[in-house]
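Since the structure comes first, as structure tokens, the remarks are kept for the end.
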Amino acid sequence: MLLAAALLIGCCLLLLSPPTTAGPTATLYVYAVTPLRARALEQKIEEAMPGVDVTVFGKLSDFKTAIETSPPSAALSPRPVLASLNRSPDLQGFRAGSDAEQYLLVSTRAMTREMLSSLRYGMVDLVERRSLPKFVAGLLGVSSAPEVQRVTKIEDLLQLLQFQTADAVLLPERFRSDFESKTKMSFTILSLSTAKVGHVAVTFLSDRSSVEHAIRRLPRHVMADLGVDEWR
């Protein structure tokens with residue numbers, strides 16, 4: 001009777017106990033240049049990567065701070081961002097066979113290559129405030145670092161031109177059509193051979209196998225949001 005009572009109590013306790021679920025086995029931090037809001041991109045990636053806890057950051061400074069204070073299993077961002085963190089790509093994104101994307105110089109005024117050093121620019125942040133002017137000078141192919149206003153979203157670049165707080169902006173070529181469709185302003189556009197920026201890449205800090213498998217299986221529509229179509 002005592003044994004039966006003990007078994008009965010044990011079964012009751014088991015039924016009353018809250019169910020336990022296994023937490024994510026890996027974490028992924030993401031910073032990407034995209035028109036999508038951070039939360040919207042986060043949901044799309046997380047749905048495609050079950051078992052991985054995904055956090056998408058809207059600000060580069062927050063992305064870098066999180067990596068330093070609470071390192072994830074992996075981090076995904078444009079290659080210049082990883083370089084600024086002294087991290088090498090373990091998995092590189094490619095689009096149409098290239099590991100870098102063309103940036104366009106967009107302005108509402110006439111531009112010549114001779115005047116590039118004297119213009120004020122706007123760009124989505126890739127290397128943080130102090131390093132961005134030198135980075136932009138490299139994209140322009142000029143020796144002196146220009147004045148640069150950094151923004152967090154593609155749509156902010158349009159506002160810089162509308163309010164004339166920048167003479168020109170640097171825009172990923174893949175966003176050109178959408179960018180032009182949002183305004184009645186006429187643009188002068190230059191495509192410079194030096195204005196190439198590495199596509200998103202992944203660096204692994206731990207637990208590479210499970211995260212890499214999930215990243216390689218991302219569906220095409222999510223890959224398109226990240227600006228790439230394959231990993232190498």
Side-chain angles (χ1 to χ4, degrees), residues 31-38 40-41 56-61 63 77-81 83-84 93-201 223-229:
Y31 177 76
V33 178
T34 170
L36 291 177
R37 298 288 182 179
L41 180 60
V56 175
F57 294 85
K59 292 183 178 181
L60 178 58
S61 56
F63 175 73
S77 69
R79 198 164 67 234
V81 175
S84 71
F94 281 72
R95 182 184 177 92
S98 175
D99 66 349
E101 66 178 321
Q102 179 71 50
Y103 268 56
L104 301 175
L105 195 56
V106 182
S107 178
T108 56
R109 55 185 290 184
M111 292 183 295
T112 63
R113 295 175 187 271
E114 290 73 25
M115 63 194 300
L116 295 183
S117 297
S118 60
L119 299 181
R120 299 169 302 161
Y121 296 94
M123 184 176 181
V124 174
D125 198 4
L126 291 177
V127 292
E128 290 196 333
R129 180 175 56 84
R130 288 178 296 179
S131 303
L132 193 57
K134 183 178 179 180
F135 180 77
V136 168
L139 297 181
L140 300 174
V142 299
S143 56
S144 57
E147 180 184 338
V148 182
Q149 185 166 345
R150 59 190 180 127
V151 298
T152 59
K153 301 184 295 294
I154 291 294
E155 63 193 61
D156 295 338
L157 295 175
L158 191 58
Q159 294 179 9
L160 294 181
L161 295 177
Q162 288 174 331
F163 294 106
Q164 299 182 354
T165 51
D167 300 313
V169 299
L170 282 153
L171 175 77
E173 187 174 38
R174 58 193 163 105
F175 300 137
R176 175 177 178 172
S177 296
D178 185 61
F179 192 79
E180 291 180 309
S181 70
K182 286 180 166 50
T183 181
K184 294 181 179 180
M185 292 188 295
S186 297
F187 295 128
T188 299
I189 298 177
L190 292 181
S191 180
L192 305 174
S193 60
T194 51
K196 299 286 182 68
V197 175
H199 281 302
V200 292
M223 295 283 283
D225 289 331
L226 296 173
V228 295
D229 53 32

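Sequential numbering from 1 along the given sequence is applied to the chain's residues.
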Looking only at heavy atoms, which two atoms of Ala96 and Asp229 are closest? And how far apart?
-> N-OD2, 3.0 Å
Check Lys196 against Ala100 and note the closest heavy-atom contact, atom names and distance.
-> CB-CB, 4.3 Å
Just wondering, do Val151 and Leu157 contact through their side chains at under 4.5 Å, heavy atoms?
-> yes
Leu158 CG to Phe179 CZ distance, which is reported to the nearest 0.5 Å = 4.5 Å
Taking side chain as C-beta onward, heavy atoms only, is Ser107 less than 4.5 Å from Phe187?
-> no
Close side-chain approach of Pro172 to Val197, heavy-atom, < 4.5 Å = no
CD/Glu173 to CZ/Arg95 distance, rounded to the nearest 0.5 angstrom?
-> 9.5 Å
What's the spacing between Glu147 CD and Ser117 OG if we round to 0.5 Å?
-> 13.5 Å
Would you call Leu41 and Thr34 a side-chain contact if the rule is heavy atoms closer than 4.5 Å?
-> yes
Run the side-chain contact (heavy atoms from CB on, under 4.5 Å) check on Phe63 and Val56 step by step: do they pass?
-> CA-CA 8 Å; Phe63 175 73; Val56 175; over 6 Å; no
Any donor and acceptor pair, going by atom type alone, linking the side chain of Ser131 with main-chain N or O of Glu128 inside 3.5 Å?
-> no
Close side-chain approach of Tyr31 and Lys59, heavy atoms under 4.5 Å = no
To the nearest 0.5 angstrom, please state how far the OG atom of Ser61 sits from the CZ atom of Arg129.
-> 11.0 Å
Salt bridge check: are Arg174 and Glu101 linked by an N-O gap of less than 4.0 Å?
-> yes
Which pairs, with at least one residue in residues 156-170 and sequence neighbours excluded, count as a salt bridge (charged side-chain N to carboxylate O under 4.0 Å, His left out)?
-> Arg109-Asp167, Arg120-Asp167, Lys153-Asp156
State whether the side chain of Thr183 and the backbone N or O of Glu180 hold a donor-acceptor pair below 3.5 Å, judged by distance alone.
-> no
Note: Gly198 and Pro80 closest approach over all heavy atoms is O-CD, 3.8 Å
With Tyr103 as reference, evaluate Val33, Leu140, Val136 under the side-chain contact (heavy atoms from CB on, under 4.5 Å) test and give the passing residue.
-> Val33
Check each of Asp125, Val169, Leu132 against Val148 using the side-chain contact (heavy atoms from CB on, under 4.5 Å) test, and report the only one that passes.
-> Leu132
Tyr121 versus Leu105: any side-chain heavy-atom pair under 4.5 Å?
-> yes
So which heavy atom on Met185 is nearest to which on Thr108, and how close?
-> SD-CG2, 3.9 Å
Between Asp225 and Leu36, does a side-chain contact (heavy atoms from CB on, under 4.5 Å) hold up when you go through it step by step?
-> CA-CA 8 Å; Asp225 289 331; Leu36 291 177; 3.6 Å; yes
For the residue pair Leu160 and Gly122, what are the closest heavy atoms and their distance?
-> CD1-CA, 3.6 Å
pair Leu119-Met111: side-chain heavy atoms closer than 4.5 Å = yes
Could you point out which residue of Leu104, Leu139, Leu116 forms a side-chain contact (heavy atoms from CB on, under 4.5 Å) with Leu192?
-> Leu116
Do Val228 and Phe94 have side chains that get closer than 4.5 Å, going by heavy atoms?
-> no
Say you draw a straight line from CD of Gln102 to OG of Ser191; how long is it, rounded to the nearest 0.5 Å?
-> 3.5 Å
If you round to the nearest 0.5 Å, how far is CG of Leu170 from CZ of Phe135?
-> 9.0 Å
Heavy-atom nearest pair, Ala38 first then Gly58, reads CB-N, 4.0 Å
Check for a donor-acceptor pair, side chain of Arg176 on one end and backbone N or O of Ile189 on the other, with a separation under 3.5 Å.
-> no
